[in-house]
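Below: one structure, written as structure tokens.
None of the values given here were measured: they were computed from a predicted structure. So that the names make sense, note that chain A is the first sequence line, chain B the second, and so on, each numbered from 1.
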Protein chains: 2
Amino acid sequence: MLGNSYEGQVCSAARALEVVGERWSLLIIRDALFGGVTRFSDFARCLGLARNILAARLDGFVEAGIMERFLPEGAAYQEYRLTRKGRDLAPVIIALTDWGDRWAAPNGRPVIYRHAECGGDVEQQLVCRACGMAIEPDQVDIELGPGMTGAAW
Amino acid sequence: MLGNSYEGQVCSAARALEVVGERWSLLIIRDALFGGVTRFSDFARCLGLARNILAARLDGFVEAGIMERFLPEGAAYQEYRLTRKGRDLAPVIIALTDWGDRWAAPNGRPVIYRHAECGGDVEQQLVCRACGMAIEPDQVDIELGPGMTGAAW
DNA sequence: CGCGACTGGTTGCATCATGCGACCATTGAA
DNA sequence: TTCAATGGTCGCATGATGCAACCAGTCGCG
């Protein structure tokens, strides 16, 4: 989005950015995923964004199916919860964080992701499904798949 | 960026988004990384974005150190090339693409990432550096690290 | 019950980012 | 020489974002 779309692009990354590419979107999802934030006012406080923008983003997330509104039984204030589709964005946020840690964190990592079971550092890897090897980013090629229409991306 | 910053956020994901979070930024980098696009007019044509915006993005990338301007010897038109810092964004783009493939590609994947050596599918995994296990997104916890200042993210 | 604080918004206005089309100097090819 | 492409810049219109004010309903406290 960012208010609009990337129409000309036949590309899943563009489709994803239409949903979560606007300003604040990924930070809202980060807080929901890893900070356990669920309520309107808590998002506004944590992030310091304007409340009308927050309302617009949350509406968009609900409409896109990455969050759902939920009223805990008995009472009073509603929660915004990530759906499976929303939680599936975790790798995106972790990839951004990894990059920021490496290239924009002179004082060390502010936040560390840990394996809940054993407490170890979480690392993101590209793996080849065929040969099982770990892959460096420059060993990745692209190929057009069945969802491609027309000639261009 | 998106024209401005996420000042209140002490978070590497926010730092990363300040560099590549603006509209079109990640698509430009995607084309540079996987499409081999290097020239101003080619970016403009592939993406269909306004040329003044493209100029602003490329300037920003050069300033941020994720691209560099390069004049091939002998002649005439310049190229924009990703630096190491820029190529390191590949996992972000692959993560976005994976998500888009899963949740927003009803006709199948338009673009497939392949291991250059063996041609196998590239898959992104979270791995525990301590125990070596593959980790599901909901098994990830966070911990504050040395770069954290103050109490909040 | 009364009161103040908090929640979950909405509205209007100002400002910044983005998009569009016109323009321009230089290079290259016919 | 002429025509098209490159790599931009400029000005204006429109859209997105940010800010402050406002509001109804709820909660906790005395």
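For D:dG7, its base never sits under 3.5 Å from the side chain of B:Asp42 at any donor and acceptor pair. For D:dG7, the base has a donor-acceptor partner in the side chain of B:Arg51 [N/O atoms by modelled type, under 3.5 angstrom].
A:Phe43 does not carry A:Arg57 over the face of its six-membered ring by the limits of under 6.0 Å from the centre and within 45° of the normal. Both tests do not hold together for A:Arg45 against A:Phe40: distance to the six-membered ring centre under 6.0 Å, angle to the ring axis within 45°.
You'll find that the side chain of B:Glu22 is closest to C:dT18, out of C:dG9, C:dT18, D:dT17. In the set C:dG19, C:dG8, D:dG7, C:dG19 carries the atom at the smallest distance from any side-chain atom of B:Arg23. Considering only side-chain atoms of B:Ile53, the nucleotide from C:dT10, D:dG8, C:dT18 that sits closest is C:dT18. Closest to the A:Phe40 side chain, of the nucleotides C:dG8, D:dT6, D:dG18, is C:dG8. Among D:dT6, C:dG9, D:dG18, the nucleotide with an atom closest to any side-chain atom of B:Tyr77 is D:dT6. Distance from the side chain of A:Asn52 is smallest to D:dG18 among C:dC20, D:dG18, C:dG8.
OP1 or OP2 of D:dG18 sits under 4.0 Å from a side-chain N or O of A:Trp24. Proximity of A:Ser41 to the phosphate of C:dG8: a side-chain N or O atom is located under 4.0 Å from OP1 or OP2.
Within the nucleic acid shown, A:Arg57 comes within 4.0 Å of sugar-phosphate atoms alone, with no base atom in reach, counting heavy atoms only. B:Phe43 comes within contact range of no nucleotide atom at all, as no heavy-atom separation falls under 4.0 Å.
Mapped onto DNA chain D by nearest heavy atom, B:Arg45 and B:Ala56 fall at different nucleotides, with B:Arg45 at the one closer to the 5' end.
A distance-only check finds a donor-acceptor pair linking the side chain of B:Lys85 to the backbone of B:Ala64 [under 3.5 Å]. Without hydrogens or angle criteria, A:Glu79 side chain to A:Leu71 main chain gives no donor-acceptor distance under 3.5 Å.
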